[in-house]
Amino acid sequence: MLRLSNLFLRTLRDDPADAEVPSHRLLVRAGYIRRAAPGGFSWLPIGWLTFQNVERIVREEMNAAGFQEVHFPALLPREPYEASGRWTEYGDNVFRVVDRRDADFMLAPTHEEMFTLLVKDLYSSYKDLPLSLYQIQTKFRDEARPRAGLLRGREFVMKDSYSFDIDEEGLQRSYEAHRNAYIRLFDRLGLPYVIVSAMSGAMGGSASEEFLAPIDVGEDTFVRCDGCDYAANVEAVVTPAPDPIPFDGLPPAVVHDTPDTPTIATLVDFVNAHPELRHPERDWTAADTLKNVVMMLRHPDGTSEPLAIGVPGDRDVDMKRLEAAVTPAEPSPFEEADFAAHPSLAKGYIGPGVLGTNNASGIRYLVDPRVVSGTSWITGADTAGNHVIGLVAGRDFQPDGTIEAAEVREGDPCPDGSGAPLQMARGVEIGHIFQLGRKYAEALDLTVQDESGRPVTPTMGSYGVGVSRCLAAIAEATLDDDGLCWPREIAPADVHVVIAGKEGGPQRAAAETLAAELEAAGVRVLLDDRAGVSPGVRFKDAELIGVPTIAIVGRGLADETNPTIEVKDRRSGDRVDVPLAEATAHLIETCRS
RNA sequence: CGGGGUGUAGCGCAGCUUGGUUAGCGCGCCUGCUUUGGGAGCAGGAGGCCGGGAGUUCGAAUCUCCCCACCCCGACCA
């Protein structure tokens, strides 16, 4: 039994000044966590209990799915990460340390290499597969900017699993097994979530989905369709391509003088202001223009390559989407020196006339999927002060391909073909599952023998759950104006017993008896037995701490013929008076239903 | 890493512009008395290297420079 009279806890009346997001504010105010380092938190007793509940649920669901728990050090040597290339790939985001002999170590941000090596160490036959292992570990990432309390720390607890299969079909099965386990897990955590298709990013690999808790303070933007179950991280949104348009009857492209129009806005104003350039039926808009942006791509092997991207002029290039589209290459802005090296590019007036591997610049030219054959554009004519009107894709220029780099907007059509508008929302990534493939197995030389005795390289999946982040996300999703409001399985206790009566009154003894009976029945009790604390403080603290059921032993006891206690549901605020004689049974029932 | 803001008691803040008592206020904490159904009252207390360092000055919380930390926006981000 937790007793507030001696529990290591101090609730704060005021919000801490350094906490902005609600979960962070309340977790500190209610005495769950304290900031201890930049991006690092200490757990206080009720916070740690709550954390352990989340961790336990994660563990139970992993075990129920047949995955086996292992545990690695957080302090790892350099070599395996050197072999996989991630010692350098991870860059500034990894904490590096050296030992007394000057050997390099890292504080692990994730453990693909160690799992792969452990399997390599012990297994050598296809008969040993499939295999799924997991651990629950503290991870370290030297985030440029930790924020939002537990939601984005530099030290956090993550459950990471890895599957090993002999072939694609096996990987697919392992992936599905994890996906289903995650669905059960997040359902049980009482956390709203959406599953969105995602990009696998720096981890490499193919199929990838994220579990996002839709929370306003989340850092990930995703879209979902009202009409179907399509949902995707904004980086992974697929742009539906319109049907091609026949060229017949399209007017020829004509080059015009358009002085001082280096931007889309100035160009649109210019063509609308000159009668001979006007659209026959309406005003031109930015969507009629084709904006061509040149970037420099740096490949992992150190080479660089320019890339031109054509997007409708009413949309910007979304750097995140572009990065996801060109990964593992990294895009960077085209510098003045780069322009100097490509004299065919007229800055501000770049058009398809010079772009493409077969044209003057020789620069690879990828366009937005909306730029289909037969679409007609106002775009740069490749000399300063000139644009071309009516340049038709497929007739007047031929891009090298398409690219998903244009920004996604609320209301964009769903890629399922229905054209239903997409909604945009923010979320916190609480889980990520993806098919890694053979990247790490190959890098670390993991092979097993197949039926014919030949070595084959297993294919892997990687699956993560942010355990400490989940706790914050649950807090975020459930809190209200009065404080935290935990789902029962997560809460540090089932019942918060408040003694609300004069010192020396009958309430104290009745509450002690009630609490003891509940404990004996396996109900977790937090008893506010503090002396000299006014009822108002007790009620406020109970609501702040957020235990799901609050039992108030107070004035109801005064009725000698029918003494009662009050049972309040933290979430709904509903209160019922319960006869003292039935209180224990009533509360046990409440906690079990 | 770029822009903006903030560091004064456990928490929330004032004081700084214009340098000069013993650095204040509310909450919390300690002692005593009263109070006990919605963050109680009175009285008395404890608690500060004013983020750190260097400087200017007879004198620095206050002015100058450097550093550090935290918050917000952006960049970055399993």
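Proteins come first, then strands; the chains are lettered A, B, ... in the order of their sequence lines, and each starts at number 1.
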B:G3 to B:G45 separation - C1' atoms, rounded to the nearest Å: 47 Å

C1' atoms of B:A9 and B:C77, separation to the nearest Å: 38 Å

Inter-nucleotide C1' distance (B:C50, B:C25), Å rounded: 15 Å

Sugar-phosphate, base or nothing in reach of A:V533, heavy atoms under 4.0 Å: base

Cationic N near anionic O, under 4.0 Å, A:E407 to A:R315: no

Proximal nucleotide (of B:A78, B:C77, B:C29) relative to the A:R10 side chain: B:C29

Nearest-angstrom distance, P atom, B:A46 to B:G52: 24 Å

Distance between P atoms of B:U34 and B:G26 (Å, rounded): 25 Å

Annotated protein contacts, base or backbone, on nucleotides 67-73 of chain B with a non-hydrogen cut-off under 4.0 Å, one of B, S, - each: --SSSBB

A:R188/A:E61 salt bridge by N-O under 4.0 Å criterion: yes

Touch class at under 4.0 angstrom, heavy-atom based, for A:R530 against every strand present: nothing

A:R555 bridged to A:D577 by N-O distance under 4.0 Å: no

Please tabulate, for side-chain N and O atoms in residues 25-32 of chain A, each donor-acceptor pair with protein atoms closer than 3.5 Å (sequence neighbours left out).
from  : atom 1 : to     : atom 2 : distance (Å)
A:R25 : NE     : A:D15  : OD2    : 3.4
A:R25 : NH1    : A:E20  : O      : 3.3
A:R29 : NE     : A:L12  : O      : 2.9
A:Y32 : OH     : A:W486 : NE1    : 2.9
A:Y32 : OH     : A:I545 : O      : 2.6

Selection from B:G12, B:A78, B:G37 that lies nearest to any side-chain heavy atom of A:E566: B:G37

Integer angstrom distance from the P of B:C49 to that of B:C11: 12 Å

Salt-bridge criterion met for A:R86 and A:E112 (N-O under 4.0 Å): yes

Proximity to the side chain of A:N93 - top-ranked nucleotide from B:A78, B:C77, B:G37: B:C77

Which nucleotide in B:G37, B:U36, B:G12 has an atom nearest any side-chain atom of A:F539: B:G37

Opposite nucleotide pairing with B:C16, Watson-Crick or G-U, both atom distances under 3.5 Å: none

Aromatic ring proximity, centroids under 6.0 angstrom, A:F186 and A:Y193: yes

Residue mapping more 5' on RNA chain B - nearest nucleotide basis, A:K502 or A:R141: A:K502

Residues A:E543, A:K568: salt bridge by 4.0 Å N-O rule: yes

Steps toward side-chain contact (heavy atoms from CB on, under 4.5 Å) verdict (A:L527, A:H496): CA-CA 6 Å; A:L527 175 63; A:H496 185 134; over 6 Å; no

Distance, P atom - from B:A40 to B:U21, rounded to whole angstrom: 37 Å

Could you run down the sub-3.5 Å N/O contacts of the protein with nucleotides 40-48 of chain B?
from  : atom 1 : to     : atom 2 : distance (Å)
B:A40 : OP2    : A:S534 : OG     : 3.1

A:E512/A:R3 ion pair, N-O < 4.0 Å: yes

Sugar-phosphate, base or nothing in reach of A:D15, heavy atoms under 4.0 Å: sugar-phosphate

Pairwise 5' ranking along RNA chain B for A:A500 and A:R34, keeping only the more 5' one: A:R34

Centroid-centroid under 6.0 Å between A:H178 and A:F434 rings: no

Touch class at under 4.0 angstrom, heavy-atom based, for A:Q507 against every strand present: nothing

